[in-house]
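Worksheet: the structure to be examined is printed underneath.
First listed ligand is number 1; within each ligand, the first listed atom is number 1.
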Amino acid sequence: MRATDISDQITTTLVTEEQIQEKLREIAAQVAADYEGKDLLLVGVLKGAVMVMADFARALPYVVPMDWMAVSSYGSGTKSSGVVQIRKDLDTDLHDRHVLIVEDIIDSGLTLSWLLENFESRGAASVEVFALLRKPDAAKVHVDCRYIGFDIPNEFVIGYGLDYDERYRNVRDVAVLAPHVYS
Ligand code: IMP
Ligand code: MG
């Protein structure tokens, strides 16, 4: 089966591969200007941010280090709980670094607000967020997010790194998962 042949498992395609790539080029240009002359560190949140990190980092016009963090926000299925556990910590000392967290999606905002606080407590010079997707209607806490790709409706989506039960991450577009798949 082609990875993209999932038309019976999705309802709507929200963002296409082409729209994502165009947006990444725009945001990369902005980030390049904002961080000119600064020592930037990209931090990706595993595993969802793998695709956006790979494409975004290569859209930047200069050499930039990447580090990764794996957290689990407890809760299964399609909802997150806000109880965050570190599964893999950074390899980099954040002291005096300018950190840009690269995230796939801000849903409730609970994971990111926890991460922001955690990184600031490590003495980073600055901590900003780039999230490819955001669900404004799902926000439980406000997250200061400097760069946003697309605001999307409050529905469970898959593709471009986002999974349901570890599936669909390699789907190229972002699409709404059909409710019959998870109910
Ligand atoms: P938050 O803490 O609720 O903001 O979201 C935490 C994580 O849940 C995100 O980084 C995603 O990995 C995952 N997540 C949230 N919404 C979705 C979705 O619609 N599809 C797939 N994963 C999601
Ligand atoms: Mg994530």
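- Close approach of ligand 1 to Glu155 (heavy-atom distance below 4.0 Å) involves ligand atoms 19 (O).
- Residue Gly48 places no heavy atom under 4.0 Å from ligand 1.
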Starting from the C-alpha separation in whole Å, work towards a yes-or-no answer on salt bridge (charged side-chain N to carboxylate O under 4.0 Å, His left out) for Lys23 and Asp55. CA-CA 11 Å; Lys23 184 68 77 177; Asp55 289 339; over 6 Å; no
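- Contact annotation: Val45 has no heavy atom less than 4.0 Å from any atom of ligand 1.
- Those atoms of ligand 1 with a heavy atom of Asp163 less than 4.0 angstrom away are 21 (C).
- Looking at Val45 and Trp68, their side chains never come closer than 4.5 Å, going by heavy atoms from C-beta outward.
- The closest approach between any non-hydrogen atom of Ile158 and ligand 1 is not below 4.0 Å.
- Atom CG of Leu116 sits about 11.0 Å away from atom OG of Ser121, to the nearest 0.5 Å.
- Every heavy atom of Lys140 sits 4.0 Å or more from the atoms of ligand 1.
- Screening residues 11-57 for ring pair (Phe, Tyr, Trp, His ring centres under 6.0 Å) gives Phe56-Phe130 as the qualifying pairs, with residues at least two apart or on separate chains.
- Considering OG1 of Thr13 and CZ of Arg172, their distance stands at 14.0 Å, rounded to 0.5 Å.
- Within ligand 1, counting atoms from 1 as listed, the ones closer than 4.0 Å to a heavy atom of Ser108 are 1 (P), 2 (O), 3 (O), 4 (O).
- Using a 4.0 Å cutoff on heavy atoms, Leu112 does not count as a contact of ligand 1.
- With respect to Ile158, the side chain to side chain contact (heavy atoms under 4.5 Å, CB included) criterion is satisfied by exactly one of Ile6, Asp163, Val176, Val174: Ile6.
- When heavy-atom distances to ligand 1 are checked against a 4.0 Å cut-off, Thr111 comes that close through both its backbone and its side chain.
- The aromatic rings of Tyr182 and Phe156 sit perpendicular to each other, their planes meeting at more than 60°, with 30° as the lower class boundary.
- Between Val157 and ligand 1, at least one pair of N/O atoms sits closer than 3.5 Å.
- In this structure, Lys47 has no heavy atom closer than 4.0 Å to ligand 1.
- Between Arg97 and Leu40, the closest heavy-atom pair is NH2-O, 4.2 Å.
- Against a heavy-atom cut-off of under 4.0 Å, Glu103 is close to the following atoms of ligand 1: 10 (O).
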